[in-house]
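As a basis for the values below, the full set of heavy atoms in this structure was taken, side chains included, without hydrogen atoms, waters or symmetry mates.
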Amino acid sequence: MESKIQSDGRRGWAERLLPVLLVLGAVLTAIDIVWTFTLAPLVQGAQLSEPVTIADMQVTTKLLLSQKIFYLHVPVAVASFAVMAFAAFFGVRFLMTKDRAYDVRSKTAMEVTLVFIVATMISGDLWTRFEWGVWWVWEPRLTTYFILMLLVIGYFILRNAIDDPERRARFCSVFAVVAFIDAPISFMITRLVPSSVHPVVFRTDSGLPPMMLIPFLLGLFGMLMIAFALYRVAHRINADALAVEELKERLEEQDARASRAAADEALERLRTQGTAATTSASSPSDSTSKED
């Protein structure tokens with residue numbers, strides 16, 4: 001009882017901090033976006049056919065405005081990897097403990113993962129269209145991340161295809177762990193395949209200048225805060241739904257037991273009445289035989 005009270009207390013503090021965390025994440029992300037389009041310098045792209053003067057500076061290469069998408073695109077992608085890691089972790093915890101609470105947490109993390117994966121695909125496709133002139137290219141990073149999105153969608157298809165709660169939780173936990181294997185592959189593929197045309201964002205040979213690094217980090221931390229807040233809100237909804245489902249199961253079991261008890265009682269009454277009727281029917285013949 002004491003541990004449950006302590007757990008409820010910790011959950012209460014976490015619930016009270018959720019609005020603050022969500023607002024703080026939104027503020028950091030907003031600062032990232034404003035900084036990106038006002039203070040962060042443009043990166044150099046392709047060589048221009050002839051020099052152009054911009055703001056009293058002679059520019060010989062194309063300034064890539066589309067690169068600014070990455071200040072939001074990369075934090076969203078990192079958040080999708082991070083949340084999916086929790087989904088796989090909770091899947092392992094369920095397989096170890098068989099506690100349905102871990103299945104709910106894994107399912108919740110996969111729901112948030114799907115939201116961030118879709119946002120990553122949309123922002124990435126915008127950059128692809130602006131930079132390469134097409135909406136899609138079958139290059140390693142895009143291909144592996146597209147497979148990751150299909151795996152997450154397949155997780156929910158599998159979840160809706162199985163009715164038995166225990167089998168559904170077990171199969172989905174295994175699927176979440178297996179699907180997560182593609183996340184580090186997608187993250188590292190631009191390093192494993194040097195021919196990939198997708199840019200390498202996190203590099204060790206050179207760092208971003210402060211005017212580019214600061215907004216990027218603000219967006220990264222802000223997006224992680226938003227992801228955690230969304231997870232907590234979705235988990236509360238799913239946990240309440242699980243509690244209602246378990247309560248319905250208990251009520252159905254109680255109704256079934258009550259129905260069985262009522263049926264047994266009615267059957268016992270019928271047996272008693274039948275025994276009494278048999279006894280009363282046999283009593284006159286016994287008395288007649290005695291008179292004879």
Enquirer: How long is the span from the CG atom in Leu114 to the OG atom in Ser80, to the nearest 0.5 Å?
Expert: 10.5 Å
Enquirer: Do any N or O atoms from the side chain of Lys68 and from the backbone of Phe37 form a donor-acceptor pair under 3.5 angstrom?
Expert: no
Enquirer: So, for Tyr71 and Pro215, which heavy atoms are closest and what is the spacing to 0.1 Å?
Expert: CE2-CG, 3.9 Å
Enquirer: Do Leu218 and Leu21 share a hydrophobic cluster, counting only Ile, Leu, Val, Met, Phe, Trp and Tyr and linking them when any side-chain heavy atoms are less than 4.5 Å apart?
Expert: yes
Enquirer: Would you find a donor on one side and an acceptor on the other, under 3.5 Å apart, between the side chain of Arg170 and the backbone of Leu95?
Expert: no
Enquirer: Do the ring centers of Trp136 and Phe146 come within less than 6.0 Å of each other?
Expert: yes
Enquirer: Can you get from Phe89 to Met96 by hopping between Ile, Leu, Val, Met, Phe, Trp and Tyr side chains that sit under 4.5 Å apart?
Expert: no
Enquirer: Membership question, hydrophobic clusters at under 4.5 Å side-chain separation (ILVMFWY): are Leu242 and Tyr102 in the same one?
Expert: no
Enquirer: Counting only N and O atoms by type, is there a donor-acceptor contact under 3.5 Å from the side chain of Ser106 to the main-chain atoms of Ala87?
Expert: yes
Enquirer: Looking at side-chain heavy atoms only, is the closest gap between Leu28 and Met225 below 4.5 Å?
Expert: yes
Enquirer: Can you tell me which residue among Arg159, Arg93, Arg167 is in a salt bridge (Lys or Arg N to Asp or Glu O under 4.0 Å) with Asp103?
Expert: Arg159
Enquirer: Can you confirm whether Phe81 sits close enough to Ser186 that some side-chain heavy atom of one is under 4.5 Å from a side-chain heavy atom of the other?
Expert: yes
Enquirer: Could you state the interatomic distance from OG1 (Thr29) to CG (Leu220), rounded to the nearest 0.5 Å?
Expert: 9.5 Å
Enquirer: Rounded to the nearest 0.5 Å, what's the gap from OG1 on Thr113 to CG on Leu151? Could you check?
Expert: 12.0 Å
Enquirer: The test is side-chain contact (heavy atoms from CB on, under 4.5 Å); show your working for Met211 and Trp35 and say whether it passes.
Expert: CA-CA 9 Å; Met211 295 302 291; Trp35 190 315; 3.7 Å; yes
Enquirer: Report all side-chain donor-acceptor pairs from residues 115-124 shorter than 3.5 Å, counting only partners two or more places apart or in another chain.
Expert:
unit_1: Thr120; atom_1: OG1; unit_2: Ala77; atom_2: N; d: 3.4
unit_1: Thr120; atom_1: OG1; unit_2: Phe116; atom_2: O; d: 2.7
unit_1: Thr120; atom_1: OG1; unit_2: Tyr145; atom_2: OH; d: 3.3
unit_1: Ser123; atom_1: OG; unit_2: His73; atom_2: ND1; d: 2.7
unit_1: Ser123; atom_1: OG; unit_2: Ala119; atom_2: O; d: 3.0
unit_1: Ser123; atom_1: OG; unit_2: Thr120; atom_2: O; d: 3.1

Enquirer: Which heavy atom of Trp135 sits nearest a heavy atom of Asp125, and at what distance?
Expert: O-OD1, 3.3 Å
Enquirer: Taking all non-hydrogen atoms of both residues, which atom of Ala88 and which atom of Ala176 are closest, and how far apart?
Expert: CB-O, 4.1 Å
Enquirer: Aromatic rings Tyr231 and Phe228: how do their planes relate, parallel, tilted or perpendicular, breaks at 30° and 60°?
Expert: tilted
Enquirer: Val78 versus Met223: any side-chain heavy-atom pair under 4.5 Å?
Expert: no
Enquirer: Can you tell me how far CG of Asn238 sits from OG1 of Thr108, rounded to the nearest 0.5 angstrom?
Expert: 3.5 Å
Enquirer: Run the salt bridge (charged side-chain N to carboxylate O under 4.0 Å, His left out) test against Asp32 and tell me which residues pass, sequence neighbours left out.
Expert: none
Enquirer: Step by step, would you call Phe86 with Phe90 a side-chain contact (heavy atoms from CB on, under 4.5 Å)?
Expert: CA-CA 6 Å; Phe86 280 99; Phe90 290 132; 4.2 Å; yes
Enquirer: First locate atom OH of Tyr155, then atom SG of Cys172, and finally report the distance between them rounded to the nearest 0.5 Å.
Expert: 5.0 Å
Enquirer: Check whether any side-chain N or O of Arg168 sits under 3.5 Å from a backbone N or O of Ile162 as a donor-acceptor pair, and report yes or no.
Expert: yes
Enquirer: Verify the cluster assignment for Val104 and Val244: are they in a single hydrophobic cluster under the rule of side-chain heavy atoms below 4.5 Å apart?
Expert: no
Enquirer: Return the minimal non-hydrogen interatomic distance between Arg100 and Pro165, and the atom names on each side.
Expert: NH2-CB, 4.0 Å
Enquirer: Is there a path of hydrophobic side-chain contacts, each under 4.5 Å between heavy atoms, that joins Ile147 and Phe156?
Expert: yes
Enquirer: Any chance you could measure Leu24, atom CG, to Leu17, atom CG, to the nearest 0.5 Å?
Expert: 11.0 Å
Enquirer: Quick one: does any side-chain atom of Asp182 pair with a main-chain N or O of Leu148 as donor and acceptor, under 3.5 Å?
Expert: yes
Enquirer: Suppose clustering is done on Ile, Leu, Val, Met, Phe, Trp and Tyr with side-chain heavy atoms closer than 4.5 Å. Which residues sit in the same group as Ile185?
Expert: Ile181
